[in-house]
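The structure appears below as C-alpha cells.
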Protein chains: 2
Amino acid sequence: MIRLSRLSDYGIVILTRLAREPGRAMAASTLARATAVSTAMTGKILKLLVRADILVSQRGVRGGYALARPPETITVAQIIEALDGPIALTSCADPLVHACGIESLCPARDGWRRINRAIREALAGITLAEMARTVPDVPPPNLETRPRAAASEPAAATIGAR
Amino acid sequence: MIRLSRLSDYGIVILTRLAREPGRAMAASTLARATAVSTAMTGKILKLLVRADILVSQRGVRGGYALARPPETITVAQIIEALDGPIALTSCADPLVHACGIESLCPARDGWRRINRAIREALAGITLAEMARTVPDVPPPNLETRPRAAASEPAAATIGAR
DNA sequence: GGGAAATAGAACCGAACCGGTTCTGTTTCA
DNA sequence: TGAAACAGAACCGGTTCGGTTCTATTTCCC
C-alpha cells in the first residue's frame, strides 16, 4: 500500500490538536501528552514544522509552539511535504531528478506525472481546519490528563496491512 | 514523501507495455526485456497481477501473459492494490483494523478517512489506457531489442529524494 | 512420449530505511 | 543563575523491501 510515514501521521495528529485552539501556544511536552505521541517524537516533528514555517516557536521557560498561520491556509500537502519531503510517488516525474536513464523512452512517463499531480491535488485540497473541524461534537474529554495507559498504542496508529 | 513501492512502480510500466497491444500475449522474458526490469522481478509482478485478475496467463511452451480486460477498465488504483495491498495512508481509516486504541478520541479520525478517500479516488480515476495513451507519437524505437545497457538503470526508477 | 519452454509459488537473504532515542547546545524567564 | 523549554545533530536496532533462487507444474511440439 501507499503509506504515509509516521512522521506525517503523527504530525497531522499534533497539528490537528493545535488547530483546535489556533491562537494558543503549547509546549512540546503538553502536546505529547495530549496526543499520546512520545515526547521525543513530538519534539522532532515540531522542529520540522517550525522549519517549514507551519509552526512558530517560542524558546525559553514559558516557550511553546503555535500555528504560524490560520489553519484554513495550511493544507495536508504542505504538512506532508514539511515532514517527508516532496510528494511524488516516483521521481520519474520529478523534472529535477534524472534517475531513470531511459526517460525519453519510458512509456509511462506522462502517466506518472498525471498520477503524481492527482495525488498532490487531492492532498492540497484538504486543509488543517477541515481536519480539526471533523472532531465529534462531544468535546473530547480532557485529553491532557488522559491516563498514560492509552499511550501504549501510538496515536494515529499504523499503516496498511502488508 | 509518500512513496510507491517498486512493485507497483514496475508493475505499471509492465502493464503499460502490454496495454500498447491489448490483444497480444507476451512471455515474461519478453516483457522483461521490453521494460528493462529484471526477469525475476518481472515474473514476480506478473504472477501477482494474474492472481488479481488483471492479467491472464497461458502456461506451457507458447505461454505468456495478456491483459484480462480492456485497458480502459483497469485503473491505477486496482494495479496498486493488486501489488501492494489496500490503498490507505493510515489504517486509522480502515474500518476493519482497530489498531489505534484511542479511535473514538482521535481528533483526526474523520480527516484520515477523507484523505484516504481522496487518494483512492485520484488513483481510481486514471486508467491503464490513459497511461498507455500518453506515449509520445514517435513509435518507441523497438524496445524489444534495445541494448541491455539501458537496463542498468531500473525502468521507472526510484522514489522521492530523502 | 519425452523434453524444452514457460508459468506458479514459496522461501530466502542482504541492505536500506525508518521510527525512535539520546545527547549537547542555546534561549528565555523568574 | 538555574530551571524550563526549544534546536539540532548523531546514533542505533528492527522491519521491511527489493531482489534472487529453487522447485513444481503445465503445455506444446518433435
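Reminder, nothing fancy here: chain letters follow the sequence lines and each chain counts from 1. What's counted below: heavy atoms across the whole structure, side chains too, no hydrogens, waters or symmetry copies. Keep in mind that this is a model prediction, so the values were computed, not measured.
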Atom CZ of R59(B) and atom P of dA24(D) are separated, to the nearest Å, by 14 Å

How far does CD1 of I54(A) sit from CG of L18(A), to the nearest 0.5 angstrom?
11.5 Å

Figure out the CD1/C1' separation between I45(B) and dA8(C), and round it to whole Å.
16 Å

Between the OG atom in S8(A) and the CD1 atom in I79(A), the distance rounded to the nearest 0.5 Å is 8.5 Å

Does dG18(D) have OP1 or OP2 under 4.0 Å away from a side-chain N or O of Y10(B)?
no

For the side chain of A40(B), counting heavy atoms from C-beta on, which of dT21(D), dG19(C), dA7(D) is nearest?
dT21(D)

Run L128(A) and V76(A) through side-chain contact (heavy atoms from CB on, under 4.5 Å) and show every step you take.
CA-CA 6 Å; L128(A) 182 57; V76(A) 170; over 6 Å; no

Please state how far atom CD in Q58(A) lies from atom P in dT26(C), giving the value in whole angstrom units.
18 Å

What's the CG-C1' distance between D9(B) and dG19(D), to the nearest Å?
14 Å

A27(B) near the nucleic acid: base, sugar-phosphate alone, or nothing, with a heavy-atom cut-off under 4.0 Å?
sugar-phosphate

Once you round to the nearest 0.5 Å, how far does CZ of R33(B) lie from OG1 of T42(B)?
10.5 Å

Has R69(A) got more than 12 heavy atoms of other residues, nucleotides or ligands less than 6.0 Å from its CZ?
yes

Length of the line joining L46(A):CG and dG20(C):P, which is rounded to integer Å:
15 Å

Earlier contact from the 5' end, DNA chain C, for G63(B) and V61(A):
G63(B)

Hey, is the side chain of Y65(B) poking within less than 4.0 Å of OP1 or OP2 on dA6(C), counting only N and O atoms?
no

Whether S57(B) contacts dA8(C) is assessed here as follows: a side-chain N or O lying under 4.0 Å from the phosphate OP1 or OP2. Is that the case?
yes

Could you state the atom-to-atom distance from CG of L49(A) to C1' of dA7(D) in whole Å?
14 Å

Does OP1 or OP2 of dA5(C) have a side-chain N or O of R62(B) closer than 4.0 Å?
no

Spacing of R6(A) atom CZ relative to dC17(C) atom P, expressed in whole Å
19 Å

Any side-chain N or O of S38(B) less than 4.0 Å from the OP1 or OP2 oxygen of dT20(D)?
yes

Consider the side chain of M41(B), meaning its heavy atoms from C-beta on, and name the nucleotide among dC28(D), dT20(D), dG25(C) that approaches it most closely.
dT20(D)

Residue whose closest nucleotide on DNA chain D lies nearer the 5' end, K44(A) versus G64(A)
G64(A)

Between atom NZ in K47(B) and atom P in dT20(D), what is the gap in whole Å?
13 Å

